[in-house]
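Convention: sequence-line order gives letters A, B, ...; per-chain numbering from 1. As a basis for the values below, the full set of heavy atoms in this structure was taken, side chains included, without hydrogen atoms, waters or symmetry mates.
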Number of protein chains: 2
Amino acid sequence: MDLGTVFAALADDSRRKVIAELASGPEGQERACGSFDLPVKKATRTYHFRVLREAGLVAQRDHGNGSALRLLRADIEEHCPGLLQLLVAELRQSSERSTEATGRGGTDCSPGAAAL
Amino acid sequence: MDLGTVFAALADDSRRKVIAELASGPEGQERACGSFDLPVKKATRTYHFRVLREAGLVAQRDHGNGSALRLLRADIEEHCPGLLQLLVAELRQSSERSTEATGRGGTDCSPGAAAL
DNA sequence: CTTCAGGTACGACAATGTTCATACCTGGGA
DNA sequence: TCCCAGGTATGAACATTGTCGTACCTGAAG
């Protein structure tokens, strides 16, 4: 687990969002790759998932037709304690911001945002 | 303090080393820009320091002839708790590695590494 | 079987990031 | 005074990254 690779992976907004949403969910949760709302085409999505895998942050399981991501929480907490909290806090802040703006109905309709 | 900018800044080995060495030193310590042993020319060094400044990680004071870096520890700890510990741990590991290899005389001759 | 949604692989491309040479500025010491 | 060490600014070369179109594969539904 290389810090440089991890930081490079987390420098991108889309990838940080994926990790933060996974970290907001329960331990061991698998989430469908298509369930992340990213502002990019699917080829780019595939690319981002690969970067996250190669940084050792997630594992990807192939369902034949679809696939799912699982956060490698134990590894991350062991090598980078506190890192996930940072990302979750950022995600929470951004969803608070959009809740303020619209009055209701921000990003927190995503599963797990209210859970932990 | 933008997480994306911070992670991008810390994705580079040289920049991570600078922050880690500053974080290993005492609070409020000022360290001469030239005292960091980086494997790049001085123009590149200047560039890296600028990236660190613009990420909000360090402040730079001009001595006329030379200049010095100071870690913005309070800001970092407030917005990214635990981040500095990660970098210090990585620095310590790498200097342990070189100490093992040579038997003695690794990177820890740099000021501040043994101090605290 | 045919079609379709979800993914991947590959190549292309623009945008960014990293590195350096060079020229320049500044202050301190010979 | 004249250098020199330490920094910066600029511009160029180069590498990397992020994005996408396209072609392709796979399993499920009709």
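Protein chain A contacts DNA chain C from C:dA5 to C:dA9, reading 5' to 3' and using non-hydrogen atoms of the protein with a distance under 4.0 Å.
At a threshold of 4.0 angstrom between heavy atoms, the contacts of B:Lys41 are confined to the sugar-phosphate backbone, with no base atom among them. At a threshold of 4.0 angstrom between heavy atoms, the contacts of A:Ser67 are confined to the sugar-phosphate backbone, with no base atom among them.
Across every non-hydrogen atom of B:Leu84 and B:Glu77, the tightest pair is CD1-OE2, 3.8 Å. Listed here is the closest heavy atom pair of B:Ser24 and B:Leu91: OG-CD2, 3.6 Å. Contact between A:Ala55 and A:Val6 at its shortest, heavy atoms only, is O-CG2, 3.9 Å.
Residues of residues 47-64 of chain A that place a heavy atom closer than 4.0 Å to DNA chain D, in numerical order, are A:Tyr47, A:His48, A:Gly64.
In terms of modelled atom types and a separation under 3.5 Å, the side chain of B:Lys17 and the main chain of B:Asp37 share a donor-acceptor contact.
The CD atom of B:Glu78 sits 8.0 Å away from the CE atom of B:Met1 when rounded to the nearest 0.5 Å.
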Q: Show your working on side-chain contact (heavy atoms from CB on, under 4.5 Å) between A:Leu69 and A:Phe49 and close with a plain yes or no.
A: CA-CA 8 Å; A:Leu69 286 188; A:Phe49 292 155; 3.6 Å; yes

Q.
Could you go through A:Ile76 and A:Leu71, starting from their C-alpha distance and side-chain angles, then the distance that decides it, and tell me whether this counts as side-chain contact (heavy atoms from CB on, under 4.5 Å)?
A. CA-CA 9 Å; A:Ile76 301 173; A:Leu71 187 67; 3.8 Å; yes

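Each of A:Asn65 and A:Ala43 lies near DNA chain D, and the nucleotide nearest A:Ala43 is the one positioned closer to the 5' end.
Within the cation-pi definition used here (under 6.0 Å to the ring centroid, within 45° of the axis), A:Arg45 does not qualify as a partner of A:Phe36.
When rounded to the nearest whole Å, the span between NZ of A:Lys42 and P of D:dA23 equals 13 Å. Taking atom CG of B:Leu69 as the reference point, atom P of D:dG6 lies 15 Å away to the nearest angstrom. If you take CZ of B:Phe7 and C1' of D:dT17, they are 18 Å apart, rounded to a whole angstrom.
Checking the phosphate oxygens (OP1, OP2) of D:dG18, no side-chain nitrogen or oxygen of A:Thr44 falls inside 4.0 Å. Applying the 4.0 Å criterion to OP1 and OP2 of D:dT8, one finds that B:Thr46 has a side-chain N or O inside that range. Between B:Arg45 and D:dG6 there is no side-chain polar atom (N or O) within less than 4.0 angstrom of OP1 or OP2.
A donor-acceptor contact under 3.5 angstrom links the side chains of B:Arg61 and B:His63, judged on distance only.
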